[in-house]
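Report on the following structure.
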Amino acid sequence: MVIVEEQVDALLEWKSTLINDTHSLLPSWKRNSTESPCKWYGITCNKEGSVAKLNITGLGLQGTLHNFDFSSLSSSFDSLDLSQNKLFSSIPSQISNLSKLTHLDLSANNFSGHIPLEIVSLTSLRYLDLGENQISGFIPQKIGNLYFLTDLGLYSNNLTGSIPTSVCNLTNLTRLSIYKNQISGVIPHDIGRLSSLTLLNLASNDLNGSIPTSLTNLTSLNTLFLQDNQLSGIIPQDIGRLSSLIYLLVNENQLTGTIPQDIGKLRSLSFLYMSLNKLTGPIPASVGNLRNLSHLVLFTNQLNGSVPMEINNLTQLKLLYLSDNNFSGYLPQNVCQTGILEEFSAADNSFTGPIPRSLRNCTSLRVFELGNNELVDNITEAFHVYPYLTWFMMSNNKFYGELSKHWGDCQNLTFLFFSGNNISGSIPSEMGKLKILGQLYLDSNNLVGKIPEELFGLSSLIELDLSKNKLSGRLSSAVGMLSSLQSLDLSTNKLIGSIPRQLGECSKLLSVNLSTNSFNETIPPEIGNLDSIQILLDLSYNDLSGKIPSTLGKLSKLIKLNLSHNKLSGSIPSSFDQMLSLTTVDVSYNELSGPVPNIKAFENASVDALKNNKGFCGDKSRGFNPCNTTAVIERNEKKDNKLFLIILLPLFASLFLLFILCAILFRLRKRSVRNAAGSDRATTTRRNLFSVWNYDGKIVFEDIIEATEDFDTKYCIGTGGYGSVYKAELSTGQVVAVKKLHPSDEDSEGFELKSFESEVHALTEIRHRNIVKLFGYYSNLETRISFLVYEFVERGSLKDVLSDGAQAAEFDWKKRLRFIAGTANALAYMHHDCVPALIHRDISSNNVLLDSEYEARVSDFGTSRILKPDSSNWTSLAGTYGYVAPELAYTMRVTEKCDVYSFGVIILEVLMGKHPSEIITLLSQILLSSTPLSDVGENIRLRDILDQCIEAPTGAVQKEILHIVKVGFSCLQDDPCTRPTMQEVSAELQMLSVQSREDLAKPFEMITLRDMVLS
């Protein structure tokens, strides 16, 4: 009885040290003289009434084990399972007091530090799992003394060093998992002694050396994961002895030699991955014996020869990747005879002959890659409708014929590549039906006719390449509708007429090539609105005339500019002096004259890049004539028009005097307004920042004061922790949003200014269609007035829209899915395209706005943090309750994964129409459920938690929602290491249609939360 009391005291003492609300999580754990602890949740007692087992997994417990009195439990304790909680700090050495312990599972927590050496004294141990923690250090050499151990899991940690040879003493082991660490050295040569092993997972380490031949003694193995290491040498030739293998993954190593002929003896094999090695020789014909094989992945090796006809026997194949090898001969003829093949890639080889009939009719295909071969076939009728196809690449072969109108029925296509063939005829207008197409490459063929108007309705199109064809006619003004377009190449065709000014509305363009056509008239000034363009602007080899628009000087990010071989006249605009990113320029073969811009691109330009013009002037050392007064004036006027100069110069003088007078009056008015506000800023020497973009200097302090009536509350449209937002209609007629920061007190002044400048810095550095644009800012420490001027986003915040019945009803499923994708794209841009990376830190329904088309606009960067490589990134807790990643509660370490968690909350909130707090709690319970058959979440159907204010989703939308919920759940993992990056999330959502085409295992109406989490 005394022992039981000590155990009760020990357990309650430990419970009291836990951080979170353990009373609600462990309500039965309380002192009661009439009740034994044997009735407490998670506790099992022996016949004497002493505590023998403790199993409290998946409760979200937070705390350490440093106050756990192991000695009080030592006499009878044989099982401790605390997995899937949030316990942290090191594993105490006192755990060795549990001398009779047979089962120890501390996996899926946040433990750190070293594995205590004392753990090897637990000689009765049969099951040990320390996976998915942050444990570091070495695996104790004496771990081989745990002779009775049957399961050893040390995965997803920071373990270093080598695998101790003593592991080979654990002859009772059935599972050994040390994947995703930093283990180096070789696989122990005596690994074959572990004859009871069914699973060996050493993947994602730094192991080197060869695969031990003794490994083939493990005849009970059904799973062998050795991928993502530095293993070299050959694959054991007697690999066929592992007759129970289902999974064999040795990809991403440095393996050489041939694929063993013995591979055909692995009759149970379903997954065979050998890609990204240095394997040579042919595929052995014995592969045809693997009748259960569903995945055969051999890409990026040096395999050669023809594909054996026996591969047609693999009737269960779903994935076949042969790409990036040296294969020749014909493609396998009947590889899709059963109609279940989903992904087939044979690109980058030397295959010849036609496309096999079985592939032409393989409607199950999702990915189809045959690019960079020597295939010959008439494509006119070679392909039919592929309802699930998302990726189709046939570039650089010898295909001929015409594009079929049936391509418009492949509604799930996101990538279509037909470059570098001999295709003729016109582009079918039916391709305009491919509403989610992201990349279309039809370049280097013999296409004729006009570019179909319907193509310009593809709002998801990111890259469009129709170059090197014989396309004719005018380029439609509808090109401006390609709102997502980043790369446009229409070069080397027969296009005529003017370049549409609407091209300037494609605000995301990074590269434009319209060269080698017959475009005429002038360069539209609207091209200067392409402020995102960086890589290339090539308008060469056309018939363009007139002056170069000065607006091109606004392309401050542009690297390469080619205007050569046209009929451009006049001087190069002085605005070009601002194009500091320009590295390559060519303006040759025009009729240009006047000063050469004083920037590196022109200073470093070759003679050929400037030749055959009327005459440039500038640096004498470069062979130019010096620029006299007349030459400077000639940048904007014709050289010999003396009468025009006589009239113009006095006019300029008069205008200059008028400008001086207006400036004096403006200064007097400005001082008057300042004095009326009680603050004379005319002589201040303290910091006074003001900057404006895009609005011709008209957004000034007084305009904001006047438009908001000195920030009257009637103009306030929102208030947050750092400031209030006002709607301001300026005298120019433009409507903007003004965020006025709250005045700071003495203690917080530094923080407020830092917050303000952080937001300014973040927003001035980035440009993205799903991020609000900053027009200007104002800050003055004398008056403690600071505000930001943004574009006005019409519908307000996500929270506003979801709480407004009418707007929420109009916010249908397609708009919601597009909104989620837009938010993901913005965050991916911040995390992966900004240098250094930018973390938002406060993603919430208040800080993601919606424009008139319900497109997402991420806003409010006041709490953002710029990551630098040498920064520890530790900071004070910031963010909105209900959206903050759980690790910030105890680590304060901000990473991109904090934004990923918040984005996961946003996904569920958009789909549910409200904050998903209850679902997040339930999600944690499902993931951490202690028994496989737990019914947590089994009675909650997905359809019932979706927003009921709009009609239930149907058809393809149902499948897209299923997939996007899975993405959301992956973002909400408690362990930040297991969350995807936003780049991965954005790619997943771009490929949404790919994943959403799987047949549902049961009707949508019957799918539960548990189904979604565990699928």
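Here the structure is a predicted model, which is why all the values come from computation and not from measurement.
Taking the ring centre of Tyr854 as origin, the terminal cationic atom of Arg818 falls outside the region bounded by 6.0 Å and 45° from the ring axis.
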- Message: Apply side-chain contact (heavy atoms from CB on, under 4.5 Å) to residues Phe903 and Met982 and explain how you reach the verdict.
- Response: CA-CA 9 Å; Phe903 176 70; Met982 284 310 305; 3.8 Å; yes
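Looking at Val965 and Ile907, their side chains never come closer than 4.5 Å, going by heavy atoms from C-beta outward. Annotation: side chain of Thr363 is in contact with side chain of Pro387 (closest heavy-atom distance under 4.5 Å). Put simply, the side chain of Lys433 reaches to within 4.5 Å of the side chain of Asp409, judged on heavy atoms.
The side chain to side chain contact (heavy atoms under 4.5 Å, CB included) test applied to Ala952 returns no partner, not counting sequence neighbours. Partners of Phe271 according to the ring pair (Phe, Tyr, Trp, His ring centres under 6.0 Å) rule, which considers only residues two or more places apart in sequence or in another chain, are Tyr247, His295. When the disulfide (SG to SG under 2.5 Å) test is applied to Cys362, the partners found at least two apart in sequence or on another chain are Cys336.
Defined by atom type and a distance below 3.5 Å, a donor-acceptor pair is present between the side-chain atoms of Glu369 and Ser345. For the residue pair Tyr883 and Ser845, a side-chain donor N or O sits within less than 3.5 Å of a side-chain acceptor on the partner. The closest side-chain donor-acceptor pair between Asn847 and Ser859, if any, does not fall under 3.5 angstrom. Side chains of Asp800 and Ser797: a donor-acceptor N/O pair is present below 3.5 angstrom, by distance only. Remark: the Ser476 side chain and the Glu453 side chain contain an N/O donor-acceptor pair separated by less than 3.5 Å. His831 and Asp899 form a side-chain donor-acceptor contact under 3.5 Å, judged by distance and modelled atom types alone. A donor-acceptor contact closer than 3.5 angstrom is absent between the side chains of Ser323 and Asp348. Side-chain contact annotation: Asp465 with Ser467, donor-acceptor N/O pair under 3.5 Å present.
Of the possible donor and acceptor atoms, one in the side chain of Gln958 sits under 3.5 Å from a partner among the backbone N and O of Pro953. Within the 3.5 Å criterion, the main-chain N or O of Glu951 finds a donor-acceptor partner in the side chain of Trp813. With hydrogens and angles ignored, the 3.5 Å screen pairs no side-chain donor or acceptor of Glu855 with any backbone N or O of Ser852. Although no hydrogens or angles enter the test, the distance criterion places no donor-acceptor pair under 3.5 Å between the side chain of Lys435 and the main chain of Leu458. With hydrogens and angles ignored, the 3.5 Å screen pairs no side-chain donor or acceptor of Asn529 with any backbone N or O of Gly504. Checking side-chain atoms of Arg979 against main-chain N and O of Lys897 turns up a donor-acceptor pair under 3.5 Å.
Going from atom OG of Ser364 over to atom CD of Glu343 covers 10.5 Å, rounded to the nearest 0.5 Å. Note that CG of Leu440 and CZ of Phe418 are 10.0 Å apart. Values are rounded to the nearest 0.5 Å.
Using a 4.0 Å cut-off between a side-chain N of Lys or Arg and a carboxylate O of Asp or Glu, Glu791 and Arg857 qualify as a salt bridge. With respect to Lys815 and Asp812, a salt bridge is recorded, a charged nitrogen being found less than 4.0 Å from a carboxylate O.
The aromatic rings of Tyr829 and His768 lie tilted to each other, with the angle between the two planes from 30° to 60°. Ring geometry for Phe417 against Tyr441 counts as parallel: the plane angle stays under 30°, on a 0 to 90° scale with 60° as the upper cut.
Only one option out of Val957, Leu802, Ile961, Ile964 pairs with Arg816 in a side chain to side chain contact (heavy atoms under 4.5 Å, CB included); it is Leu802. When each of Gln983, Lys966, His963 is checked for a side-chain hydrogen bond (donor to acceptor under 3.5 Å, both in side chains) with Glu988, only His963 meets the rule.
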